[in-house]
Protein chains: 2
Amino acid sequence: MAAITGEAEAEAPGVVFVHGSPPFGLPFKDRLLSRFQLIHMSELPESSHVKVMLCMDHTPVTSQTLYKLPSLECIVASSAGVDHIDLTTCRLRGIAVANGSQAFSEDVADYAVALLMDVLRKISAGDRYLRSGLWSTKGDYPLGWKLGGKRVGIVGLGNIGSEVAKRLVAFGCAIAYNSRKKRSSVSFPYYADVCDLAANSDILVICGALTSETHHIINKDVMTALGKEGVIINVGRGSLINQKELVQFLVEGQIRGAGLDVFENEPIVPRELLELDNVVLSPHNAVVTPEAFEAMQELAISNLGAFFSNKPLLSPI
Amino acid sequence: MAAITGEAEAEAPGVVFVHGSPPFGLPFKDRLLSRFQLIHMSELPESSHVKVMLCMDHTPVTSQTLYKLPSLECIVASSAGVDHIDLTTCRLRGIAVANGSQAFSEDVADYAVALLMDVLRKISAGDRYLRSGLWSTKGDYPLGWKLGGKRVGIVGLGNIGSEVAKRLVAFGCAIAYNSRKKRSSVSFPYYADVCDLAANSDILVICGALTSETHHIINKDVMTALGKEGVIINVGRGSLINQKELVQFLVEGQIRGAGLDVFENEPIVPRELLELDNVVLSPHNAVVTPEAFEAMQELAISNLGAFFSNKPLLSPI
């Protein structure tokens with residue numbers, strides 16, 4: 001049982017408790033097995049002394065789960081978001097948490113920009129118009145709006161938000177941001193209050209993590225501050241936005257449009273949105289490309305390796 | 001008649017022959033009238049001594065039209081493309097031609113990138129999937145592909161192509177190009193042969209002008225060189241691509257996908273394309289935003305002003 005108690009890591013491979021089902025098949029499992037001993041959650045005894053957990057999907061890691069793992073020191077999540085993990089208990093017990101955001105941030109940022117350009121330039125709506133045969137019968141499709149020169153407010157300037165900023169600068173946008181705290185490493189204007197950010201933005205791109213503080217951070221006050229020509233892009237989590245209020249603002253034309261990869265009750269999407277041409281609706285696909293899976297696997301293995309070598313995690317939250 | 005013969009420009013406003021119908025209403029006309037005297041094509045006598053023509057749309061400027069304007073020295077086109085103008089006659093007669101590409105190039109480049117990201121990340125197809133109610137009944141939509149790291153071959157590295165390159169560099173793409181000649185001002189690899197460029201690219205973005213040399217520059221040989229995982233984006237003109245061969249390659253999965261803003265016989269789109277999820281179809285909207293119209297008006301007025309002041313045109317082709 002030396003390996004399981006983790007006392008003989010130098011000799012035996014480190015034991016990793018695997019939580020959830022790997023959505024990406026055997027190649028990653030083989031890579032893990034070449035370096036670690038895996039215990040799947042289905043094999044967990046009542047109480048276990050594993051020190052590190054690898055979360056493979058969004059299966060909730062509840063306080064009950066954590067209670068069964070009294071020796072747990074570290075959770076490595078393969079996902080970007082970690083709202084499925086009971087972070088309060090982790091904080092209380094000093095359990096370190098690493099996420100996969102780094103691996104996914106470029107893809108999510110790409111997708112955020114793609115959704116934004118789609119809303120502004122009406123790509124999906126134009127495609128729909130053309131496929132319906134309306135171009136040849138009804139004539140030209142209405143103009144979109146230029147991206148360059150727009151003021152973009154990024155809500156949550158972490159890995160993803162920073163990548164979004166980098167891309168939009170190349171399109172000639174002016175960037176500002178809201179975040180838990182001002183970041184000394186960037187020169188973009190910082191707004192401590194998201195309403196102030198909205199009032200000084202044409203576009204809001206929501207990239208932040210979902211926490212009790214950021215739940216419904218985008219509400220009717222923020223949207224009112226953003227104004228009638230405002231556009232909202234959400235690649236974070238559905239509950240960062242008060243969806244009911246967003247739907248109302250979109251239906252009534254109180255904002256110009258939205259690009260939404262996430263929703264409050266996925267895969268259910270409010271049916272009012274399905275009728276609107278000023279929204280682009282996406283089935284939570286921002287985070288995922290095969291290339292990002294590769295990068296995620298690399299990052300998870302590196303985080304586990306760092307844990308067993310007593311080195312700093314590569315992507316602590 | 002001094003103004004019309006153009007001999008008293010210092011005293012009277014310069015005479016501008018307006019060809020085609022302005023698609024953007026009175027504000028521009030007012031701005032023009034504040035500086036120039038306008039003669040519309042409907043008012044043109046059999047032969048006229050106007051020296052400069054402003055082309056407002058894609059109404060063909062044929063050799064017959066030019067024959068009626070023996071004193072013509074300059075054509076200012078408001079559009080980016082100038083394939084509606086008989087350039088051979090212009091060359092023979094030494095008529096300078098300016099286009100509006102500069103004003104539109106950012107918008108077209110934005111749109112090219114938007115179409116590319118849409119094809120790779122399946123934005124329009126995902127939106128269609130979600131709106132059809134399939135997300136909640138059939139589950140997740142298939143993965144897209146990452147943009148970063150892809151090798152992008154730009155066909156035509158003029159204003160538009162250069163803006164496309166600038167943007168895609170920010171996404172981590174590797175740029176190469178084909179153009180009439182190598183450009184000393186850029187360090188991207190140059191391929192004199194478009195087939196060679198295709199063989200060394202994952203993606204082709206077609207931005208070039210349509211001329212007799214570039215007609216069907218993208219044909220089955222180029223697409224074969226590009227390969228099964230290749231993607232083609234066209235924001236130039238429909239006839240830059242052999243559309244029949246493109247349709248065949250797309251239907252048979254000989255290339256991965258395409259984003260097409262232009263077609264060979266607009267607004268007719270081959271019906272085979274309407275059924276495909278690996279294409280994004282756009283009703284020739286890349287060039288147009290209200291912001292670009294503003295910039296185009298500014299550019300056209302500046303070109304006309306330069307002509308009457310004997311200064312170099314701002315955007316000669």
Side-chain angles (χ1 to χ4, degrees), chain A residues 106-107 109-111 113-118 120-131 133-137 139-149 166-172 259 261 266-269 273-275 279-286 288-293 295, chain B residues 106-107 109-111 113-118 120-131 133-137 139-149 166-172 259 261 266-269 273-275 279-286 288-293 295:
Chain A
E106 291 189 352
D107 279 338
D110 286 356
Y111 210 89
V113 175
L115 287 176
L116 172 54
M117 292 210 293
D118 192 330
L120 286 181
R121 302 300 299 275
K122 308 183 177 184
I123 309 273
S124 294
D127 179 278
R128 201 155 52 235
Y129 182 81
L130 189 155
R131 284 179 197 251
L134 295 172
W135 190 19
S136 48
T137 55
D140 289 342
Y141 193 69
L143 299 187
W145 299 277
K146 191 182 177 79
L147 177 55
K166 184 177 125 189
R167 284 153 177 73
L168 290 179
V169 164
F171 287 88
D261 185 51
E266 296 174 11
I268 308 299
V269 175
L273 295 181
L274 306 181
E275 305 301 318
V279 294
V280 180
L281 303 169
S282 164
H284 203 142
N285 264 11
V288 209
T289 66
E291 294 91 339
F293 272 146
Chain B
E106 291 190 353
D107 279 337
D110 286 355
Y111 210 89
V113 174
L115 287 176
L116 173 54
M117 293 209 293
D118 193 330
L120 287 181
R121 302 301 299 276
K122 307 182 178 183
I123 309 271
S124 293
D127 179 278
R128 200 156 53 236
Y129 182 81
L130 189 154
R131 285 179 197 251
L134 295 172
W135 190 20
S136 47
T137 55
D140 289 342
Y141 193 70
L143 298 187
W145 299 277
K146 191 182 175 79
L147 177 56
K166 184 176 126 192
R167 284 153 178 73
L168 290 179
V169 164
F171 287 88
D261 185 51
E266 296 174 10
I268 307 302
V269 175
L273 295 181
L274 306 181
E275 305 301 318
V279 294
V280 180
L281 304 169
S282 163
H284 204 143
N285 264 9
V288 208
T289 66
E291 294 90 338
F293 272 145

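Reckoned from all heavy atoms, side chains included, excluding hydrogens, waters and symmetry mates. Residue numbering restarts at 1 for every chain, and letters A, B, ... go by the order of the sequence lines.
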Using a cut-off of under 4.5 Å on heavy-atom pairs, state which of [options] scores highest against chain A.
options	answer
B:Leu120, B:Leu130, B:Leu274	B:Leu130
B:Arg128, B:Lys146, B:Lys166	B:Lys146
B:Glu291, B:Arg131, B:Met117	B:Arg131
B:Asp261, B:Val113, B:Asp140	B:Val113

What part of A:Leu116 gets closer than 4.5 Å to chain B, counting heavy atoms only: side chain, backbone, both or neither?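 Contact with chain B: none, neither part.
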
Under 4.5 Å from a heavy atom of chain B, the part of A:Val169 involved: neither

Any side-chain heavy atom of B:Arg121 sitting closer than 4.5 Å to one from A:Asp107?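 B:Arg121 reaches A:Asp107 side chain to side chain.
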
How about A:Glu106 and B:Phe171: do any of their side-chain heavy atoms sit closer than 4.5 Å? no

Proximal component of B:Asp110, with respect to chain A [non-hydrogen, under 4.5 Å]: both

Could you look at B:Val269 and say if it's the side chain, the backbone, both or neither that has a heavy atom under 4.5 Å from chain A? side chain

Minimal heavy-atom distance between B:Gly126 and A:Pro283, with the atoms involved, is O-CD, 3.8 Å

With B:Ile268 via side chain to side chain contact (heavy atoms under 4.5 Å, CB included) - residues at least two apart: A:Ser136, B:Asn265

Go through the steps to decide whether B:Asn285 and A:Tyr141 satisfy the test side-chain contact (heavy atoms from CB on, under 4.5 Å), and finish with yes or no. CA-CA 7 Å; B:Asn285 264 9; A:Tyr141 193 69; 3.7 Å; yes

Quick one about B:Ser124 and A:Asp127 (side-chain donor to acceptor, distance below 3.5 Å, no hydrogens or angles considered), yes or no? no

